[in-house]
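Please read the structure below before turning to the comments.
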Protein chains: 2
Amino acid sequence: MFRTTKNIYRALADSTRREILNLLSKGEQTQSDIVKEFNISQPAINKQLKILKEEGFIHVRKSGRYRYYSLERETFEVAYRQMVGEIGTMLDQTLMDLKHYVENKEEDDD
Amino acid sequence: MFRTTKNIYRALADSTRREILNLLSKGEQTQSDIVKEFNISQPAINKQLKILKEEGFIHVRKSGRYRYYSLERETFEVAYRQMVGEIGTMLDQTLMDLKHYVENKEEDDD
DNA sequence: ATTATACATAACCGAATGGTTATATAATAT
DNA sequence: ATATTATATAACCATTCGGTTATGTATAAT
């Protein structure tokens, strides 16, 4: 009932992944470029890239021995909008609830 | 560099927790009320509530043997804004990048 | 006083996470 | 042909996660 097609929540759950996305948002990067930006091993980065790819947030372009990673902007944006919508709704509802509470302050009976 | 004060990403990572938040957004609920809404055990819900509380997204009011849970609207909203800001920036940057790419289509040399 | 209800907590469990090291493979450079 | 570089993959490990059952404790109801 609450799952987005692409699980943006999973993608964003880890800080390394968020930083990778942030990095890629500045432009295409090879895997080794990305690895250089972190203090963790190449296989560790590779795994996180795999998860981001699984969830559809990034895209790989192969060229020679290089892999160029970039944001899958479309997917990302759609998922993002959905997430913002969901959470936004919750916040709206709390306002509604507060409004209801204020309005019915005196008459506790319904 | 990328961590919010309250870890909204962690809070939202699990679908049960998101559903709890959604439920609470409609108004205060006792723990047993919440338990009834799910197919999982009371201790399981209790654990998720503990995490949401840890991250500051909900609040408990004790009354008799009941625990009334409600959204900590303030924290939630601040974290939400921050998250939207962070991700929004990423998306803006990809636009920027795209713009740069489009503008420099013909001249690959900078 | 006894029973029922709401919640808390402990012990346990399997699976997923997020990293590691070691090693293989593929492409490039020398 | 050999060495180097980029990436992939396997095996391993500790921790976290998200649930379970069992049981304890506090409050309320009978």
Side-chain angles (χ1 to χ4, degrees), chain A residues 1-4 6-24 27-72 79, chain B residues 1-4 6-24 27-72 79:
Chain A
M1 169 239 188
F2 223 63
R3 199 180 194 283
T4 51
K6 304 293 179 174
N7 192 346
I8 195 169
Y9 299 106
R10 181 188 179 210
L12 294 176
D14 176 69
S15 74
T16 298
R17 283 197 294 277
R18 290 196 299 275
E19 288 181 40
I20 289 176
L21 288 174
N22 192 43
L23 190 60
L24 292 183
E28 201 183 49
Q29 305 271 345
T30 67
Q31 182 179 294
S32 44
D33 285 343
I34 300 170
V35 169
K36 278 172 208 143
E37 296 287 323
F38 292 84
N39 291 325
I40 60 180
S41 68
Q42 173 261 324
I45 293 292
N46 190 289
K47 275 191 183 182
Q48 301 303 349
L49 288 171
K50 194 164 287 177
I51 290 175
L52 288 171
K53 204 155 148 289
E54 243 176 71
E55 299 296 348
F57 292 101
I58 62 175
H59 171 260
V60 206
R61 176 173 69 81
K62 300 176 190 180
S63 172
R65 56 180 163 172
Y66 295 94
R67 299 291 179 276
Y68 291 89
Y69 286 89
S70 52
L71 283 198
E72 194 74 76
Chain B
M1 172 240 184
F2 222 64
R3 199 178 194 285
T4 50
K6 304 292 179 174
N7 192 349
I8 193 170
Y9 299 107
R10 180 187 179 211
L12 294 176
D14 177 69
S15 75
T16 297
R17 283 196 296 274
R18 290 196 299 276
E19 288 181 40
I20 290 176
L21 289 174
N22 192 44
L23 189 62
L24 293 183
E28 200 182 50
Q29 305 270 344
T30 66
Q31 183 179 293
S32 43
D33 287 341
I34 300 170
V35 170
K36 278 172 209 142
E37 296 287 322
F38 292 85
N39 292 325
I40 59 179
S41 67
Q42 174 260 323
I45 293 291
N46 190 289
K47 275 190 184 183
Q48 301 303 349
L49 288 171
K50 193 164 288 177
I51 290 175
L52 288 171
K53 203 154 150 292
E54 245 177 70
E55 299 297 346
F57 291 101
I58 63 175
H59 170 258
V60 206
R61 177 170 69 81
K62 299 176 192 182
S63 171
R65 54 181 162 171
Y66 295 94
R67 299 292 179 276
Y68 292 89
Y69 286 89
S70 51
L71 283 198
E72 194 73 77

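Reckoned from all heavy atoms, side chains included, excluding hydrogens, waters and symmetry mates. Numbered from 1 within each chain, the chains take letters A, B, ... in sequence-line order.
As rounded to whole Å, 18 Å separates atom C1' of dT28(C) from atom NZ of K62(A). Going from atom CD of Q29(A) over to atom P of dT7(D) covers 11 Å, rounded to whole Å. In this structure, CG of L12(B) is placed 16 Å from C1' of dC17(D), rounded to the nearest angstrom. Between the CD1 atom of I34(A) and the P atom of dT5(D) there is a distance of 20 Å, given to the nearest Å. Rounded to whole Å, atom C1' of dA27(C) lies 16 Å from atom CZ of R61(A). Distance Y9(B) OH to dT17(C) C1': 19 Å, rounded to the nearest Å. Rounded to an integer number of Å, the gap from OH of Y69(A) to P of dA6(D) is 14 Å. Protein atom CG of L49(A) is 14 Å distant from nucleotide atom C1' of dG18(C), rounded to whole Å.
A sub-4.0 Å separation between OP1 or OP2 of dT9(D) and a side-chain N or O of K50(A) is present. Contact annotation: S32(A) reaches the phosphate of dT7(D) (side-chain N/O to OP1 or OP2, under 4.0 Å). Not one side-chain nitrogen or oxygen of N46(B) sits closer than 4.0 Å to the OP1 or OP2 atom of dC7(C). OP1 or OP2 of dG18(C) has at least one side-chain nitrogen or oxygen of R17(A) nearer than 4.0 Å. Phosphate contact (OP1/OP2 of dA8(D), side-chain N/O of R67(A), threshold under 4.0 Å): present.
Counting all heavy atoms, side chain and backbone alike, Q29(A) lies closest to L23(A) at NE2-O, 4.2 Å. Summarising the geometry of L49(A) relative to I58(A), their closest heavy-atom pair is O-CD1, 3.5 Å, with the distance given to 0.1 Å. Across every non-hydrogen atom of A13(A) and R18(A), the tightest pair is O-NH1, 3.4 Å.
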key: Stepwise side-chain contact (heavy atoms from CB on, under 4.5 Å) check, K36(A) with D33(A)   = CA-CA 5 Å; K36(A) 278 172 208 143; D33(A) 285 343; 4.0 Å; yes

key: Step-by-step side-chain contact (heavy atoms from CB on, under 4.5 Å) determination, E28(B) to R61(B)   = CA-CA 9 Å; E28(B) 200 182 50; R61(B) 177 170 69 81; 2.9 Å; yes

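Atom-to-atom distance recorded for N39(A):CG and T16(A):OG1 is 10.0 Å, nearest 0.5 angstrom. Considering CG of L52(B) and OH of Y69(B), their distance stands at 9.5 Å, rounded to 0.5 Å. Distance CG/N46(A) to NZ/K53(A): 10.0 Å, rounded to 0.5 Å. Note: I20(B) CD1 to Q48(B) CD = 6.0 Å, rounded to the nearest 0.5 Å. The distance from atom CD of Q31(B) to atom CZ of R65(B), rounded to the nearest 0.5 Å, is 13.5 Å. Atom CZ of R10(A) is separated from atom CD1 of I51(A) by 4.5 Å, given to the nearest 0.5 angstrom.
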request  = List the protein contact pattern of nucleotides 24-30 of chain D with one symbol per nucleotide (5' to 3'): B for base contact, S for sugar-phosphate-only contact, - for none; contact means a heavy-atom distance under 4.0 Å.
outcome  = ---BSS-

Close N or O pairs between protein and nucleotides 19-23 of chain D (under 3.5 Å):
from, atom 1, to, atom 2, distance (Å)
dG19(D), OP1, T16(B), OG1, 3.3
dG19(D), OP2, Q48(B), NE2, 2.8
dG19(D), N7, K47(B), NZ, 3.3
dG19(D), O6, K47(B), NZ, 2.2
dT20(D), OP2, S41(B), N, 2.8
dT20(D), OP2, S41(B), OG, 2.5

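Taken over five-pair windows at either terminus, the axes of the helix from dA1(C)-dT30(D) to dT30(C)-dA1(D) are inclined to one another by 10° (rounded to 10 degrees).
Considering only heavy atoms from C-beta on, E19(B) comes within 4.5 Å of F38(B) through its side chain.
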